[in-house]
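Lettering follows sequence order; numbering is per chain, from 1. Owing to the predicted nature of the structure, the values given are computational and were not obtained by experimental measurement.
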Amino acid sequence: MALPKSTTFLTHLKTLTNPHCLHRHHTPPPLITLRFLSFATPEEAAAERRRRKRRLRIEPPLSSFHRSQQQSSPPKPNQNPNAPKLPETVAALSGKRLNLHNQILTLVRQNDLEEAALYTRHSVYSNCRPSIFTINAVLTAQLRQSKYSDLLSLHRFITQASIAPNVITYNLLIQTYCDCQRPDNALEQYKLLMDEAPFNPSPATYRILIKGLVDNGKFEKALELKEEMFVKGFNADPVVYSYLMSGFVRNGDSDRVIGLFEELREKLGGGEVVSDGVVYGSLMRGYFIKGMEKEAMEWYNVAVGKNEGLNSGVKMSAIAYNLVLDAFCKNGKFNEALRLFDRMMNEHKPPRRLTVNLGSFNVMVDGYCGESRFEEAIEVFRKMGEYRCNPDALSFNNLIDQLCKNGMLGEAEKLYGEMGEKGVNPDEYTYGVLLDTCFNENRIDDGATYFRKMIDLGLRPNLVVYNRVVDELVKVGKVDEAKSFFDTMVKKLKMDDASYKFMMKALSDVGKLDEMLKIVDEMLDDDGVELSEELQEFVRGELRKEGREEDLAKLMEEKERQKAEAKAKEAEEVEKAKKGATRTAISSLKYFGNKGAEGETPDNTDAVEAEPQVGEEENVEEATAVESNLKEDGVETEARNDGANEQVTA
DNA sequence: ATAGGGTTAG
């Protein structure tokens, strides 16, 4: 007996995933977007984004001399005798401390961040303190891998230990909060820097903070910060303007986009043009939004020149070009895009001048797909090798996704095969798209095979993907196979009531009530899982059909009895062990006496020995980083203030 | 030696 088609699990799930559906009848049922099919957690998605960013950064910067143009901030006079300590200078990195630094850097390079952080903490109370440079290096690595809670925890630790932070430490922390979508905390850190630190923010502080504010929709605040930059004596930064402009483009606020460009031009000396090409893509989009094509094209000619080698001195990096390219693709000017792309490839003269990068190809792939020219999209995708650009998983996924959505699963699978050949690892997203499409095209077994492959590779399918697979298998009557996936995933996923219920119903429908009860049994055994009233009611209902309604109560009673028994036994053990325990406690107290680290919780033996943790215990998993960040953060700010106080009184 | 120079597709 299969589930009636109209009430498949997926439809049910779609209703569940939209909170509005429960109340508002006019809301159309939402679709599960592919985003949900990819990463196990949002943090993993963030980590991947960061890794990719890092990879892209390996390409050499276009003009390294640009860097030297940045003014270094003037030192703040240090009037207050109680003012916080100045951070150490590089001179501190010598001898033993340099040695320590290099050891920790080695750990970071080996990607053993846990060990690196541990070693850093451990050294804080040793006779060889880590310098702020060492700490920053660890924090940087943690940020790159989105280990936010680890980062905040280490930061809190060094603050408590009165190690003076420098601008980079602040910037890292601000970046962290921005990445965690906590712009208010980022602003708090900025304020702290302004009020407490014996140095000024750097131009990078503003870049990081303003980008974070824009990305989090805090436009007004971002504009305020831009103004503060001038107050601090910094020049107008085209990068900051480009962040603001693309934010307003996203928001459809074309007047602001154009206004910002004019302002930048003014600030840079009122010349004809802004010589940094990064702002022109957004400027053009601003005009496109207003339907002012002519103006958009005029600025295009200014930035890029009507003919090759004939522009007004605007420096166009690959990224600046890509923004223009994308502006064309998204505004019905694909032919212009093609022409520009051609030109970019001609100008590309590595290693001196790089005008094409991976992003260029990605933009063009999207451009072709937007025109439904899929064959050519594949063609241009393949072409990137000639320009020493290597597609990453996201590039592959993007194209695979577009092909799948347009009935070209076969082509998509070919590309999937190429990933393997090129040593690009397919990820959760790749498999999510492929199996989803297989199911849509009724290739149920192939879909299930992709799922299995995913597990075999150690990838972590999320609940949405799991639900989809199980749903499809049950639909075609493969309940046992579905159950086997349930068994593997029940340990790995936090299943919700709906997922439990679905599997139970499927088993009940094929008359496997005992297997259904076995699931209940295991749920009762698992302290992390709660058997809700509703689920109990459901189980009773299913049992009732076979006249076995009492079985659930019996099972639950039996479990209660077992638990009580176990408890009694435990109490007995405790009683027995009491005398011995007193002895142990005394000996460990001795141990603590020598350490005497501040802020310790003396009942946490392991932590003190290996890792002198401050404040409450934290066994925060990366998977719950966002939630624990909330927790972390409360303590974080608190600890930071404590630290400041300590510094003042020191 | 430690932040940052920007984009796109999820």
Side-chain angles (χ1 to χ4, degrees), chain A residues 33-39 45 48-49 52-53 56-57 59-64 66-67 69-70 87-88 90 92-94 98 101-102 104-105 108 130-141 143-144 165-176 201-211 214 237-247 249 276-279 281-282 285 315 317-327 329-330 357-367 369-370 377 381 391-402 427-430 432-433:
Chain A
T33 63
L34 285 169
R35 187 160 59 86
F36 292 112
L37 294 173
S38 51
F39 291 98
E48 174 56 27
R49 254 178 275 128
R52 188 172 322 109
K53 201 173 158 194
L56 290 173
R57 218 180 278 152
E59 285 182 33
L62 255 184
S63 41
S64 45
H66 262 149
R67 282 162 185 267
Q69 290 178 354
Q70 277 173 15
E88 291 180 309
V90 261
L93 267 187
S94 62
L98 179 58
H101 180 78
N102 288 329
I104 290 175
L105 278 197
V108 168
S131 80
I132 190 63
F133 307 97
T134 313
I135 291 156
N136 286 345
V138 178
L139 295 175
T140 303
L143 178 63
R144 283 209 180 108
N166 63 17
V167 210
I168 293 175
T169 321
Y170 274 101
N171 289 351
L172 284 165
L173 211 60
I174 291 172
Q175 176 93 67
T176 302
S202 69
T205 313
Y206 290 99
R207 287 184 176 179
I208 295 166
L209 189 53
I210 289 173
K211 179 156 195 342
V214 169
D237 181 356
V239 175
V240 165
Y241 277 80
S242 77
Y243 290 149
L244 290 164
M245 286 168 71
S246 58
V249 165
D276 192 327
V278 80
V279 289
S282 292
R285 291 181 85 144
K315 288 182 204 104
S317 63
I319 289 169
Y321 269 134
N322 294 347
L323 284 162
V324 175
L325 208 57
D326 194 46
C329 288
K330 300 271 163 68
N357 68 11
L358 174 57
S360 321
F361 289 93
N362 293 335
V363 170
M364 288 313 290
V365 164
D366 276 3
C369 289
F381 182 84
D392 56 8
L394 184 61
S395 307
F396 270 109
N397 289 347
N398 179 40
L399 183 51
I400 287 175
D401 190 14
Q402 309 241 35
D427 59 17
E428 281 87 350
Y429 191 84
T430 323
V433 173

Novice: Can you check whether Y243(A) has a side-chain N or O nearer than 4.0 Å to OP1 or OP2 of dT7(B)?
Specialist: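 For dT7(B), neither OP1 nor OP2 has a side-chain N or O of Y243(A) closer than 4.0 Å.
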Novice: Which is true for L93(A) with a 4.0 Å heavy-atom rule: it touches a base, it touches only sugar-phosphate, or it touches nothing?
Specialist: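 Base contact - L93(A) has a heavy atom under 4.0 Å of at least one base atom.
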Novice: Just how far, in rounded Å, is P of dG6(B) from NZ of K315(A)?
Specialist: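 For the pair K315(A) NZ and dG6(B) P, the rounded distance is 17 Å.
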Novice: Just how far, in rounded Å, is P of dA9(B) from CZ of F381(A)?
Specialist: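 Between P of dA9(B) and CZ of F381(A): 16 Å.
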Novice: Take the protein atom CG of N357(A) and the nucleotide atom P of dG5(B), then report the distance between them rounded to whole Å.
Specialist: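 Atom-to-atom, N357(A) to dG5(B), this comes out as 16 Å.
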Novice: Assess whether one donor atom and one acceptor atom, taken from the side chain of N362(A) and the base of dA9(B), lie less than 3.5 Å apart.
Specialist: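 Flag set: donor-acceptor pair detected.
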Novice: In terms of side-chain heavy atoms of S395(A), which of dG6(B), dT2(B), dA9(B) is nearest?
Specialist: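 When the side chain of S395(A) is considered, dA9(B) is the closest of dG6(B), dT2(B), dA9(B).
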Novice: Kindly indicate, with the supporting measurements, whether the criterion side-chain hydrogen bond (donor to acceptor under 3.5 Å, both in side chains) is fulfilled by D366(A) and Q402(A).
Specialist: CA-CA 8 Å; D366(A) 276 3; Q402(A) 309 241 35; 2.6 Å; yes
Novice: Looking at the side chain of L172(A), which of dG6(B), dA9(B), dA3(B) is the nearest nucleotide?
Specialist: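 The answer is dA3(B).
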Novice: If the condition is ring pair (Phe, Tyr, Trp, His ring centres under 6.0 Å), which residues does Y243(A) pass it with, not counting sequence neighbours?
Specialist: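 Ring pair (Phe, Tyr, Trp, His ring centres under 6.0 Å) check on Y243(A) returns nothing, list empty.
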Novice: What is the separation between atom CG on L98(A) and atom C1' on dT2(B), rounded to the nearest whole Å?
Specialist: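 The answer, rounded to whole Å, is 13 Å.
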Novice: The side chain of V239(A) is closest to which nucleotide in this list: dA3(B), dT8(B), dG6(B)?
Specialist: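 Taking heavy atoms from C-beta onward, the closest nucleotide is dG6(B).
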Novice: Please determine whether any donor N or O and acceptor N or O are separated by less than 3.5 Å between the side chain of N171(A) and the base of dG4(B).
Specialist: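 Such a pair does not exist between side chain and base.
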Novice: Please evaluate residues Y321(A) and N357(A) with respect to the criterion side-chain contact (heavy atoms from CB on, under 4.5 Å), reporting the C-alpha separation (whole Å), side-chain torsions for both, the decisive distance (0.1 Å), and the verdict.
Specialist: CA-CA 10 Å; Y321(A) 269 134; N357(A) 68 11; over 6 Å; no
Novice: Checking contacts here: which listed nucleotide (dA9(B), dG5(B), dT7(B)) is nearest the side-chain heavy atoms of D366(A)?
Specialist: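 Closest nucleotide to the D366(A) side chain: dA9(B).
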Novice: Atom CD of Q175(A) to atom P of dT2(B): distance rounded to whole Å?
Specialist: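 So the CD-P distance, Q175(A) to dT2(B), works out to 16 Å.
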Novice: For I135(A), which contact category applies under a 4.0 Å heavy-atom criterion: base, sugar-phosphate, or nothing?
Specialist: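 No contact.
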Novice: So if I take every side-chain heavy atom of A204(A) and compare against dA1(B), dA3(B), dA9(B), which nucleotide ends up nearest?
Specialist: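 In terms of side-chain proximity for A204(A), the closest of dA1(B), dA3(B), dA9(B) is dA3(B).
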Novice: Heavy atoms under 4.0 Å, any strand shown: does I319(A) hit a base, just sugar-phosphate, or nothing?
Specialist: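 The residue I319(A) makes base contact.
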Novice: Figure out the NZ/P separation between K330(A) and dT7(B), and round it to whole Å.
Specialist: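 Roughly 13 Å, once rounded to whole Å.
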Novice: By side-chain hydrogen bond (donor to acceptor under 3.5 Å, both in side chains), which residues pair with S282(A), not counting sequence neighbours?
Specialist: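 In terms of side-chain hydrogen bond (donor to acceptor under 3.5 Å, both in side chains), with neighbours along the sequence ignored, S282(A) is linked to no residue.
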Novice: Just compare dT2(B), dA9(B), dG6(B) and give me whichever is closest to any side-chain atom of N136(A).
Specialist: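 So the side chain of N136(A) is nearest to dT2(B).
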Novice: Of the nucleotides dA9(B), dG6(B), dT8(B), which one has an atom closest to the side chain of D326(A)?
Specialist: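 Of the options given, the side chain of D326(A) lies nearest dT8(B).
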Novice: Can you tell me the distance, in whole Å, between the CG atom of N166(A) and the P atom of dA1(B)?
Specialist: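 Roughly 15 Å, once rounded to whole Å.
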Novice: Confirm from the modelled atom types if N322(A) and dT7(B) form a donor-acceptor pair under 3.5 Å, side chain to base only.
Specialist: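 Such a pair exists between side chain and base.
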Novice: May I have the distance from D427(A) (atom CG) to dA9(B) (atom C1'), rounded to whole angstrom?
Specialist: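 The answer, rounded to whole Å, is 13 Å.
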Novice: Is a salt bridge present between K315(A) and D276(A), judged by a nitrogen-to-oxygen distance below 4.0 Å?
Specialist: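 No, K315(A) and D276(A) are not salt-bridged.
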Novice: For residues V108(A) and A141(A), report the shortest heavy-atom separation together with the two atoms involved.
Specialist: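 Looks like CG1-CB, 3.5 Å.
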